[in-house]
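The structure under discussion appears below in the form of structure tokens.
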Amino acid sequence: MTSLLSLAKRTYLVTGVLNNESIAWHVAAALQREGCEVVLTSFGRVARITRKVADLLPTRPEILDLDVMSDASVEALAAEVQGRWGQLDGVVHSIAAAPPEALGPGFVGAPAGGVLDGFRASAYSFQQLTTALAPLLGRAPGGGAVVGLTVDSTRALPGYGWMGVYKSALEAVCRYLALHLGPAGIRANLVAAGPVETVSARGVRTFADLAEQYERWAPLGWDRTDPQRVVGAVLFLLSDLSRYTTGQVVHADGGMHAVFGGVGVPPAATTPPAENATG
């Protein structure tokens, strides 16, 4: 009997590997250590960086072109995967973009063109990529899995501006993918990560303040320099352990989404009780 946690001999497509600090890079490395074949995507000037950090993975993976702003590019990717692998066991969507003027206080005055481009890159691309690869995912034994990366979008995060809106839209897209692709055995889920120091995070001016809040108040603690804290949730959603889980947002944030940070925790909740003395 095959272990439900086993990912060996499976093939996963991982997008968004920008450097070896990125969550996507650490997910790719973890998948390879589990015995999976990993295929990366990149495009344009960033592809040079992706090729360089791919050499730091346990095994150098194939790197395919993907520009989610181009319908033709998405279709070409699906055709190439079909021709070379024939099926996919899962996809990791780690793509998001927003023009600088759409972040922070720019939310109220950002021009429509840039805002709509950001929506296409950050939310619509999840639907576009998943549906283009759906025929390949549907052939996976036990069903294919698509996992996207998000943040806690239940609240307005200072500094995120339109990116916060894109993440809220991403959650809605995920639910509708779960509805429409579930009958084909394809699962769609998201992991809401706590703040991790990545290239994209550096574009958010309030990142340091948000990370400090998590590190101070998350019940399980948090470390902005440790992407591995998110990897386990992604692997769970890619494995057969989540075979009947879809349309969900799994939080990997030390529990911060569940508490109101900034108010002192009563000592009784943090100090182990003293042992009873008996005479």
Side-chain angles (χ1 to χ4, degrees), residues 16 18 21-24 68 92-128 147-178 188-227 229-230 233-234 237 247-265:
L18 296 179
E21 297 175 350
S22 65
I23 295 172
V68 294
V92 177
H93 179 279
S94 181
I95 301 172
E101 61 271 20
L103 299 176
F107 174 82
V108 296
V115 169
L116 294 177
D117 283 347
F119 172 81
R120 177 169 183 172
S122 306
Y124 175 72
S125 65
F126 190 56
Q127 181 271 350
Q128 184 182 31
V147 180
L149 294 175
T150 185
V151 297
D152 181 8
S153 63
T154 60
R155 298 170 292 176
L157 297 175
Y160 271 72
W162 278 99
M163 183 58 73
V165 177
Y166 302 152
K167 294 302 187 182
S168 295
L170 182 65
E171 292 187 17
V173 170
C174 180
R175 289 191 291 270
Y176 279 92
L177 284 174
N189 294 287
L190 300 175
V191 172
V196 175
E197 287 184 347
T198 61
V199 172
S200 58
R202 295 186 188 110
V204 179
R205 287 182 292 178
T206 57
F207 173 81
D209 292 332
L210 289 169
E212 183 179 351
Q213 182 84 348
Y214 276 69
E215 290 171 341
R216 183 174 182 185
W217 297 105
L220 294 176
W222 192 249
D223 180 355
R224 73 187 79 181
T225 67
D226 184 12
R229 295 180 180 231
V230 184
V234 177
L237 292 172
Q248 293 296 310
V249 179
V250 176
H251 292 265
D253 63 355
M256 187 64 191
H257 71 283
V259 303
F260 187 92
V263 178
V265 178

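- With sequence neighbours left out, Asp223 forms a side chain to side chain donor-acceptor pair (under 3.5 Å) with Thr225.
- With sequence neighbours excluded, the residues that form a side-chain contact (heavy atoms from CB on, under 4.5 Å) with Val204 are Tyr160, Thr206, Phe207.
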Cut-off 3.5 Å, no hydrogens considered: what does the side-chain donor-acceptor table look like for residues 190-198, sequence neighbours left out?
{"unit_1": "Thr198", "atom_1": "OG1", "unit_2": "Ser200", "atom_2": "OG", "d": "3.1"}
{"unit_1": "Thr198", "atom_1": "OG1", "unit_2": "Ala201", "atom_2": "N", "d": "3.2"}

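- Distance alone, capped at 3.5 Å, is enough to place a donor-acceptor pair between the Asn189 side chain and the Gly247 backbone.
- Contacts of Tyr166 classified as ring pair (Phe, Tyr, Trp, His ring centres under 6.0 Å), with partners at least two apart in sequence or in another chain: none.
- Between Ala233 and Val250, the shortest heavy-atom contact is CB-CG1, 4.2 Å.
- Considering only residues two or more places apart in sequence or on other chains, Glu215 meets the salt bridge (Lys or Arg N to Asp or Glu O under 4.0 Å) condition with Arg224.
- Scored by the salt bridge (Lys or Arg N to Asp or Glu O under 4.0 Å) test, Asp117 finds no partners at all (sequence neighbours excluded).
- Of the listed residues (Met256, Arg229, Arg216), just one forms a side chain to side chain contact (heavy atoms under 4.5 Å, CB included) with Trp222, and that residue is Arg229.
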What donor-acceptor contacts under 3.5 angstrom involve side-chain atoms of residues 150-158, with partners at least two apart or in another chain?
{"unit_1": "Asp152", "atom_1": "OD1", "unit_2": "Thr154", "atom_2": "N", "d": "3.2"}
{"unit_1": "Asp152", "atom_1": "OD1", "unit_2": "Thr154", "atom_2": "OG1", "d": "2.6"}
{"unit_1": "Asp152", "atom_1": "OD2", "unit_2": "Arg155", "atom_2": "NE", "d": "3.4"}
{"unit_1": "Asp152", "atom_1": "OD2", "unit_2": "Arg155", "atom_2": "NH2", "d": "2.9"}
{"unit_1": "Ser153", "atom_1": "OG", "unit_2": "Glu171", "atom_2": "OE2", "d": "2.5"}

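- Among residues two or more places apart in sequence or in another chain, the salt bridge (Lys or Arg N to Asp or Glu O under 4.0 Å) test is passed with Glu21 by Arg202.
- Here NE2 of His93 is found 8.0 Å from OG of Ser122. Values are rounded to the nearest 0.5 Å.
- Listed by chain and residue number, Trp162 satisfy the ring pair (Phe, Tyr, Trp, His ring centres under 6.0 Å) test with Phe107 (two or more places apart in sequence, or in another chain).
- The two residues Ala188 and Cys174 have their closest heavy-atom pair at O-SG, 3.3 Å.
- Residues satisfying the side chain to side chain donor-acceptor pair (under 3.5 Å) criterion with Arg120, sequence neighbours excluded, are Asp71.
- If you take CZ on Phe126 and CG on Leu149, they are separated by 9.0 Å, rounding to the nearest 0.5 Å.
- With sequence neighbours excluded, no residue forms a salt bridge (Lys or Arg N to Asp or Glu O under 4.0 Å) with Arg205.
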Checking Val249 against His251 for the side-chain contact (heavy atoms from CB on, under 4.5 Å) test, could you report, in this order, the C-alpha distance in whole Å, the side-chain angles of both residues, the deciding distance, and whether it holds?
CA-CA 6 Å; Val249 179; His251 292 265; 4.1 Å; yes
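- With sequence neighbours left out, the side chain to side chain donor-acceptor pair (under 3.5 Å) criterion links Asp253 to His257.
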